[in-house]
*Asks:* 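Starting off with a structure, shown below.
We count ligands from 1, going down the list as the structure has it; atoms in each ligand are counted the same way. Heavy atoms only: backbone and side chains are in, while hydrogens, waters and symmetry mates are out.
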Amino acid sequence: MKRWRRAHPRHARRTFLRAGVGAVSGLALAGCDNLSRSEWFPKVLDAATSVNAAIANVVGRRALAQEFSAEDRSPTFRSNGTADPATAQYAAWVASGFATYTLDVGGLCAHPQRLTLAQVRDLPSRTQITRHDCVEGWSAIAKWKGARLAALLDAVAVKPEARYVVFYCADPMSDDPTDLYYESIDLDDARHEQTILAYELNDAPLPVPNGAPIRLRVERQLGYKHAKYITGIEFVASFAAIGGGRGGYWEDQGYQWWAGI
Ligand SMILES: Nc1nc2c(c(=O)[nH]1)N[C@H]1C(S)=C(S)[C@@H](COP(=O)(O)O)O[C@H]1N2
Ligand SMILES: [Mo]
């Protein structure tokens, strides 16, 4: 636990945070005309998000996101956000074909583990064709294969006091090398049938621009929740002491933590 905290210190740089929130609101206003027609946009940036979360709880957190057939797939699945973490560590993993990559799984669990990509691929898997919706106004349908996150939770024996799963990523979001992309979901979403640690996109190994070697698919939430380049997974009772304290890189800039579609 201590090592994790050192690697991902809380960022209390208020001026940075204020600047970030301002920039996001400005973008939201500028993009309003284009985006207001979409069904999901209002759910992301206003208070309806919490209503949406409440409805999701009543309707059932286990309901599946829509799945599509092979013909429905988009011709290409674009990259958004980081397209290459470009750190020395990441470049070394790419050079090894991810043979030297490891995934640290720890926090509130009985059996913390360091897994190779091969070990992740050995976990029970799921394949699904789903639609990805990004708040920037694009969607795409693709086929994903990955390890069921529920299987990993069972393998490490998550403790009952764990409430959230935090995903630490390889890509720095500023000149500060500790300012890494991160995300979090709750245990209901972690155990959801369609929540996978994806290592294949459209029947090929996950490409670097889409988060190689492992990225999260959490199909009932918006694109920014789908953490790419995952290097660490931590089970926590609270994410208040991680990053800016709001549960994710974009959440720290003002986005909603719950991004249900
Ligand atoms: N590590 C990391 N994960 C990330 C991002 C990022 O910049 N870094 N961008 C997010 C956003 S906003 C979206 S829409 C999707 C884009 O996934 P794609 O690049 O496969 O299209 O990844 C999400 N996960
Ligand atoms: Mo996005």
*Asks:* Taking only heavy atoms of P209, which atoms of ligand 1 are found under 4.0 Å from at least one of them?
*Replies:* 19 (O)
*Asks:* Could you tell me, atom by atom, which parts of ligand 1 come under 4.0 Å of a heavy atom of C134?
*Replies:* 14 (S)
*Asks:* I need the nearest protein heavy-atom contact for atom 13 (C) of ligand 1: residue, atom name and distance, please.
*Replies:* G223 O, 3.6 Å
*Asks:* Please determine whether residues I129 and F77 belong to a single hydrophobic cluster, defined as Ile, Leu, Val, Met, Phe, Trp and Tyr linked transitively by side-chain heavy-atom distances below 4.5 Å.
*Replies:* no
*Asks:* Applying side chain to side chain contact (heavy atoms under 4.5 Å, CB included) between D186 and each of R61, R191, H192, report the one that passes.
*Replies:* R61
*Asks:* Work out which heavy atom in F98 is nearest to a heavy atom in P213; give both atom names and the distance.
*Replies:* CE2-CD, 3.4 Å
*Asks:* In this structure, does ligand 1 have an atom that sits under 4.0 Å from one of the heavy atoms of G211?
*Replies:* no
*Asks:* Please identify each residue that fulfils side chain to side chain donor-acceptor pair (under 3.5 Å) with R121, with sequence neighbours left out.
*Replies:* E200
*Asks:* Looking at atom 7 (O) of ligand 1, what's its closest protein heavy atom, distance included?
*Replies:* T82 N, 2.9 Å
*Asks:* May I ask which of R78, E183, H132 has a heavy atom nearer to atom 18 (P) of ligand 1 than the others do?
*Replies:* R78
*Asks:* In this structure, is the centre-to-centre distance between the rings of W144 and Y199 below 6.0 Å?
*Replies:* no
*Asks:* E67 and side chain to side chain contact (heavy atoms under 4.5 Å, CB included): which partner among K143, Q128, E219?
*Replies:* Q128
*Asks:* Checking a contact table here: which protein heavy atom is nearest atom 10 (C) of ligand 1, and how many Å away?
*Replies:* Y181 OH, 3.4 Å
*Asks:* For atom 3 (N) of ligand 1, find the nearest protein heavy atom and state the residue, atom name and distance (0.1 Å precision).
*Replies:* K228 N, 3.0 Å
*Asks:* With nothing but distance in play, are any N or O atoms of W250 less than 3.5 Å from an N or O of ligand 1?
*Replies:* no
*Asks:* How far is atom 1 (N) of ligand 1 from the closest protein heavy atom, and which atom is that?
*Replies:* D171 OD1, 2.8 Å
*Asks:* Would W138 count as a polar contact of ligand 1, with the cut-off being nitrogen or oxygen pairs under 3.5 Å?
*Replies:* no
*Asks:* Yes or no on side chain to side chain donor-acceptor pair (under 3.5 Å) for E183 and Y249, after CA distance, side-chain angles and deciding distance?
*Replies:* CA-CA 7 Å; E183 256 304 337; Y249 173 77; over 6 Å; no
*Asks:* Specify the protein heavy atom at minimum distance from atom 22 (O) of ligand 1: its residue, its atom name, and the distance to 0.1 Å.
*Replies:* R215 NH2, 3.4 Å
*Asks:* For the pair D252 and R246, find out whether any cationic side-chain nitrogen is under 4.0 Å from an anionic carboxylate oxygen.
*Replies:* no
*Asks:* Taking distance alone, with no angle check, do H226 and ligand 1 share an N/O pair under 3.5 Å?
*Replies:* yes
*Asks:* I would like to know whether Y229 and Y90 meet ring-ring contact (aromatic ring centres under 6.0 Å, His included); could you show each step before the answer?
*Replies:* CA-CA 9 Å; Y229 315 112; Y90 190 78; 5.5 Å; yes
*Asks:* For G81, take its heavy atoms, then give the atoms of ligand 1 lying under 4.0 Å from any of them.
*Replies:* 7 (O)
*Asks:* Ion pair present between E193 and R62, side-chain N to carboxylate O less than 4.0 angstrom?
*Replies:* no
*Asks:* Which ligand 1 atoms does Y229 reach within 4.0 Å, using its non-hydrogen atoms?
*Replies:* 1 (N)
*Asks:* If hydrophobic clusters are built by linking Ile, Leu, Val, Met, Phe, Trp and Tyr wherever their side-chain heavy atoms come under 4.5 Å apart, do V135 and I141 end up in the same one?
*Replies:* no
*Asks:* Applying a strict 4.0 Å limit to heavy atoms, is F77 in contact with ligand 1?
*Replies:* yes
*Asks:* Within the 4.0 Å heavy-atom shell around C169, which atoms of ligand 1 are there?
*Replies:* 1 (N)
*Asks:* For ligand 1, note which part of S79 has a heavy atom under 4.0 Å away: side chain, backbone, both or neither.
*Replies:* both
*Asks:* Answer side chain, backbone, both or neither: which part of N80 comes under 4.0 Å from ligand 1, heavy atoms only.
*Replies:* both
*Asks:* Have a look at ligand 1 and work out which part of Y224, if any, has a heavy atom under 4.0 Å from it: side chain, backbone, both or neither.
*Replies:* both
